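These figures come from a predicted structure and were not determined experimentally. Throughout, protein chains are lettered first and strands after them, A, B, ... in sequence-line order, and every chain is numbered starting at 1.
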2 protein chains.
Amino acid sequence: MATIYQVSELAGVSLATVSRVINNNSLVSEKTKLKVLEAMKKLDYRPNTVAQSLASNRSNSVGILVSELHGSFYGSMMSDIELALREFGKHAIITAGHSDEKSEKEGVEFLISRSCDALILHVEAVSDEYLIELKTRKIPFVTVNRYIPEIAANCICLDNEMGGYTATKFLLQQGHRDIAYIAGPLWKTDAKNRYDGHLRALQEFNIKPNKRLIYEGNFQEEGGQKGVQVLLETGIAFSAIACANDEMAAGAMSALREKGRSIPDDVSVIGFDNLVFSRYTYPKLSTINYPISDIGKTAASWVLNNLYIDRKEDIQHLFIPELVVRDSVKNIN
Amino acid sequence: MATIYQVSELAGVSLATVSRVINNNSLVSEKTKLKVLEAMKKLDYRPNTVAQSLASNRSNSVGILVSELHGSFYGSMMSDIELALREFGKHAIITAGHSDEKSEKEGVEFLISRSCDALILHVEAVSDEYLIELKTRKIPFVTVNRYIPEIAANCICLDNEMGGYTATKFLLQQGHRDIAYIAGPLWKTDAKNRYDGHLRALQEFNIKPNKRLIYEGNFQEEGGQKGVQVLLETGIAFSAIACANDEMAAGAMSALREKGRSIPDDVSVIGFDNLVFSRYTYPKLSTINYPISDIGKTAASWVLNNLYIDRKEDIQHLFIPELVVRDSVKNIN
DNA sequence: TTGTATGCGTTATCAA
DNA sequence: TTGATAACGCATACAA
């Protein structure tokens with residue numbers, strides 16, 4: 001691989017001049033500029049970004065930490081962020097935190113040590129304190145789907161509580177009164193908030209939540225299946241199930257069908273997230289839309305605004321989820 | 001951020017010694033080792049990986065290029081690769097090629113310039129020649145899902161032709177004779193190979209393919225929907241549709257249902273890939289299994305074997321896809 | 001077992 | 001407008 005030195009030699013100029021045309025910042029005469037450009041082409045020169053990073057303490061890349069690299073949720077987020085960054089010549093370095101505290105911290109350190117210019121974090125296991133402390137270091141970052149009052153300006157998230165509320169309220173409005181709930185892992189703040197929203201909706205209709213109709217799942221398909229099994233075993237009647245995410249809703253639907261319950265005639269089901277596949281299910285899943293795309297773009301904008309581009313743009317920090325009505329909830333009024 | 005120099009000062013040793021305990025390669029006495037370790041802890045020292053890369057010409061990270069960051073197909077692949085690498089302390093740097101030649105080349109260059117030690121490429125738009133030329137550079141790489149005879153040792157892929165064959169043969173065995181085909185973009189080698197397999201199966205049963213029953217889609221849900229629309233408009237009867245991937249199959253199923261065709265009673269449908277969501281569809285989609293997980297792990301193993309770890313392990317270069325029978329194909333014998 | 005010195009490929013601060 | 005030259009933080013060959 002050709003180096004800047006060889007280019008300078010071939011072009012008959014100094015290192016510094018070549019560097020200048022690479023970053024075309026300082027004024028370089030057209031004539032020498034052309035000479036250098038030609039030499040670069042001739043040698044098929046490409047700057048070594050590692051050396052650039054070391055010297056400039058800047059990498060033109062932003063680190064992204066998501067819980068998992070698979071799953072349409074994270075996929076959309078990464079994809080939208082990458083696209084927005086690429087538009088400005090910035091790159092994404094992506095790693096996974098696996099919802100595990102140690103792993104998440106490692107991921108953050110890895111990204112920092114790769115001298116990312118900024119971080120976009122979807123972290124779940126790490127403590128609020130960790131993030132607050134992280135802010136005292138020089139590296140700029142935003143958290144996605146995690147709200148921490150002390151660093152509110154760094155948070156971009158969905159109003160999960162409102163989403164949980166909206167979902168259950170919809171079921172109530174459709175006449176359901178005996179509503180089961182399949183929650184996410186309640187140590188995760190989004191799962192907890194969605195559940196809180198569910199409770200608030202019930203309260204608004206003066207319904208006492210029946211603890212035996214609540215199952216704490218794992219946010220995965222299997223959790224929905226197990227949830228249905230447990231719920232049915234209680235022998236308590238229910239006409240609808242609100243699920244804390246679409247994956248569990250899909251699991252719940254297939255389990256219900258296996259048990260001979262038809263959807264939505266026997267049991268209504270509502271999900272949360274509006275993942276791509278929720279359109280593929282049968283019946284098509286009614287759910288709460290998580291504007292992943294908007295949030296991803298916003299996170300990218302935050303970084304671009306704060307770091308690279310001189311523009312004033314308002315950043316939306318809280319997104320309100322909306323109901324998506326399809327075919328999995330029956331009106332029994 | 002503390003540097004190696006500050007650590008050496010605090011520990012009262014030289015730079016070199018600190019570097020040695022960091023990479024614990026050379027023999028360092030226990031005593032000095034402890035001193036250094038303590039100093040590192042005290043200063044909360046973390047090596048600057050950029051500087052390490054520059055000095056050692058090694059980054060302990062491997063570059064991954066996929067077409068898109070979203071989509072369960074790529075998601076699984078990235079996830080499996082990352083997990084395998086992480087087990088050995090290696091990291092993944094991921095970027096997207098967007099099935100576009102320019103973009104794919106940029107991605108490769110980006111990864112190389114980031115001094116990745118090796119590359120795992122899922123490229124579609126780039127020419128065979130480009131990859132053959134890439135091999136002459138020093139950077140080791142494997143291609144996934146792309147077979148090029150000249151660099152066969154660098155290719156890990158699925159026998160797409162066999163998969164296409166298997167799918168259509170299954171339909172034929174179930175008594176179907178009027179079979180429509182929704183292909184992927186035929187300029188993509190995997191799409192082409194799957195289609196070729198389809199033709200081979202037909203030929204084996206002495207059936208002349210009807211060109212009007214073939215639709216070239218885009219590998220996305222929408223392609224399946226449009227495909228069904230076009231196929232129905234021909235007015236030609238068919239009892240089954242083979243789709244070149246699951247996403248189009250999902251689109252085809254929903255379009256069929258909207259047109260009042262029931263699945264599989266009126267029309268059978270078979271997909272390809274066995275994506276996660278194929279279990280969520282109704283009826284559950286029969287499909288061809290793409291062992292993404294195995295392929296991802298194998299690609300990671302290839303890199304580990306060739307680069308980092310001294311072990312002898314046979315690498316499987318060609319994977320045979322298997323039929324997954326669910327509920328979307330009817331036996332009409 | 002430890003230290004010295006040099007280089008990795010750039011950027012950036014001076015002078016000229 | 002250009003050119004020396006010192007960083008950037010670390011690895012490593014060579015000496016001690």
Side-chain angles (χ1 to χ4, degrees), chain A residues 1-37 39-40 43-61 91 109-110 112-117 138-139 308, chain B residues 1-37 39-40 43-61 89 109-110 112-117 138-139 308:
Chain A
M1 204 69 135
T3 73
I4 198 174
Y5 181 71
Q6 297 164 12
V7 173
S8 78
E9 229 177 8
L10 182 61
V13 297
S14 76
L15 280 192
T17 304
V18 177
S19 176
R20 286 188 188 102
V21 345
I22 291 174
N23 305 297
N24 66 299
N25 40 5
S26 295
L27 295 308
V28 181
S29 79
E30 273 305 308
K31 240 172 57 182
T32 54
K33 194 174 193 169
L34 283 175
K35 274 196 303 186
V36 172
L37 251 24
M40 291 193 344
L43 293 173
D44 192 25
Y45 167 76
R46 270 156 284 179
N48 179 321
T49 59
V50 174
Q52 286 180 318
S53 297
L54 184 60
S56 68
N57 201 25
R58 232 188 192 228
S59 64
N60 282 314
S61 64
H91 281 277
E109 296 306 335
F110 166 69
I112 293 179
S113 76
R114 270 275 176 305
S115 75
C116 290
D117 298 335
K138 27 321 39 232
I139 184 140
Y308 301 119
Chain B
M1 204 68 133
T3 73
I4 199 175
Y5 180 71
Q6 297 165 10
V7 173
S8 79
E9 229 177 9
L10 183 60
V13 296
S14 76
L15 280 193
T17 304
V18 176
S19 175
R20 287 188 188 102
V21 345
I22 290 173
N23 305 296
N24 65 299
N25 40 5
S26 296
L27 295 309
V28 181
S29 79
E30 272 306 309
K31 242 172 58 182
T32 54
K33 192 174 194 168
L34 283 175
K35 272 196 305 187
V36 171
L37 253 24
M40 291 191 347
L43 293 172
D44 192 22
Y45 168 77
R46 269 156 286 177
N48 179 322
T49 60
V50 174
Q52 286 179 320
S53 296
L54 184 61
S56 67
N57 200 25
R58 237 194 187 221
S59 64
N60 282 313
S61 64
E109 297 305 335
F110 166 70
I112 292 179
S113 75
R114 270 274 176 306
S115 75
C116 290
D117 298 334
K138 357 60 301 260
I139 185 140
Y308 302 120

Which pairs would a plain distance check flag for residues 1-10 of chain B, meaning a side-chain donor or acceptor within less than 3.5 Å of a matching protein atom at least two apart in sequence or in another chain?
from	atom 1	to	atom 2	distance (Å)
B/T3	OG1	B/Y5	N	3.2
B/T3	OG1	B/Q6	N	3.4
B/S8	OG	B/Y5	O	2.7

Problem set entry | Contacts of B/S14 that satisfy side chain to side chain donor-acceptor pair (under 3.5 Å) - sequence neighbours left out | B/T17

Exercise. Contact class for A/T49 vs. all strands (heavy atom < 4.0 Å): base, sugar-phosphate, or nothing?
Worked result: nothing

For this session: Kindly write out the residues that satisfy ring pair (Phe, Tyr, Trp, His ring centres under 6.0 Å) with A/Y45, not counting sequence neighbours, or none if the list is empty.
Result: none

Exercise. Is there a side-chain polar atom (N or O) of B/S29 under 4.0 Å from OP1 or OP2 of C/dT2?
Worked result: yes

Problem set entry | Contact state string [nucleotides 3-13 of chain C, B base, S sugar-phosphate only, - no protein heavy atom under 4.0 Å] | BB--BBBBSB-

Exercise. In chain order, what residues pass the side chain to side chain donor-acceptor pair (under 3.5 Å) check against B/N24, with sequence neighbours excluded?
Worked result: none

Exercise. For B/S53, which residues count as a side-chain contact (heavy atoms from CB on, under 4.5 Å) partner, sequence neighbours excluded?
Worked result: A/V50, B/S59, B/S115

Seminar exercise, completed: So NE2 of A/H91 and CG of A/D117: to nearest 0.5 Å the spacing works out to 12.0 Å

Seminar exercise, completed: Sorted by chain and residue number, the side chain to side chain donor-acceptor pair (under 3.5 Å) partners of A/T32 (sequence neighbours excluded) come out as A/S29

For this session: Give me the bend of the helix from C/dT1-D/dA16 to C/dA16-D/dT1, using the axes of the five pairs at each end, rounded to 10°.
Result: 40°

For this session: Sort and list the pairs that fulfil salt bridge (charged side-chain N to carboxylate O under 4.0 Å, His left out) and have at least one residue in residues 43-59 of chain B, not counting sequence neighbours.
Result: A/E109-B/R46, B/D44-B/R46

Exercise. Roughly, in whole Å, what's the span from NZ in A/K35 to C1' in D/dT2?
Worked result: 11 Å

Exercise. If you look at every strand shown and take non-hydrogen atoms under 4.0 Å, does B/T32 touch a base, only sugar-phosphate, or nothing?
Worked result: sugar-phosphate

